[in-house]
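When a ligand or atom number is given, it counts from 1 through the structure's own listing order.
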Amino acid sequence: LKILITTGPTREALDPVRYLSNRSSGKMGFALAKAAQAAGHQVILVTGPVCLTQPEGVSLHRVVSAQEMWEKVQALTLAESPEIAIHAAAVADYRPKAVQDQKIKKHSESLTLELERTPDVLGSMRSIFGFKGYLVGFAAETENLIAYAQGKLERKDCNLIVANDVSRSEIGFDSDENEVVLCFRSGKVEHLPKQTKETLAQEILHRILVESASSQA
Ligand code: CTP
């Protein structure tokens, strides 16, 4: 199968030397890409800025901002028609409304930034990009994990949301291990215990392949 995966953070420029970003390392998405490639699938990986090397046999596309990720994913979805799309990227929800041409100087004691919404890559998959395949989103939450994840499942028209609790410092963002809850469209909820992102990626991928095969049958 052809599988499109997004991963990593995005960077939203403030001026030529500064940006807003988040702590995502991209490890989960890269682990998913490696697992899918090793299982014989054709993998298209779209990543924000990360310190990870290109997995062998994977088609890698590097982007910086949410806008660039949105455009790259749109182009690849239309050109490649993947059967499965997994959105593990921690896309910035807001960006500075104006990007300054010159470095911002410290003129006053405080500075207020005005932010605007970025385009929603996952939320555009069906409504704008016309994606018909099996759609997986991630949800990083600090409270009400399952309820918030189920809301995203509906709002973004996904088949599955992989939810993780980012309030726990020993797992998730930037860590080598994670623990997640899978919330399927059917209403089924499955807990995958704490383990390395490599084995977790295999477990998640296995369930995606089983579910996507049965949803097409
Ligand atoms: N996502 C995306 N583009 C964005 C924001 C998020 O593709 N601009 C994707 C992420 O890759 C992830 C999921 O959406 O798969 C996470 O959604 P999130 O931003 O947490 O959900 P929201 O419904 O916007 O809720 P919240 O209020 O928690 O931000």
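In this structure, Val73 shares a hydrophobic cluster with Leu4, Ile44, Val46, Val63, Met69, Trp70, Leu76, Val91, Val121, Leu122, Met125, Ile128, Phe129, Phe131, Leu135, the cluster being traced through Ile, Leu, Val, Met, Phe, Trp and Tyr side chains under 4.5 angstrom apart.
Ion pairing of Lys188 with Glu211 is present here, as a side-chain N (NZ or NE/NH1/NH2) and a carboxylate O approach within less than 4.0 Å. Using a cutoff of 4.0 Å between basic side-chain nitrogens and carboxylate oxygens, Asp93 and Arg117 are not scored as salt-bridged.
Side-chain atoms of Asn159 never come within 3.5 Å of backbone atoms of Phe184 as a donor-acceptor pair (strictly under, hydrogens ignored).
Residues with a heavy atom under 4.0 Å from ligand 1: His87, Ala89, Val91, Ala92, Asp93, Thr118, Pro119, Asp120, Val121, Leu122, Gly137, Phe138, Lys152, Arg155, Lys156.
For Tyr148, there are no ring pair (Phe, Tyr, Trp, His ring centres under 6.0 Å) partners at least two apart in sequence or on another chain. Residues meeting the salt bridge (Lys or Arg N to Asp or Glu O under 4.0 Å) test with Lys72, sequence neighbours left out: none.
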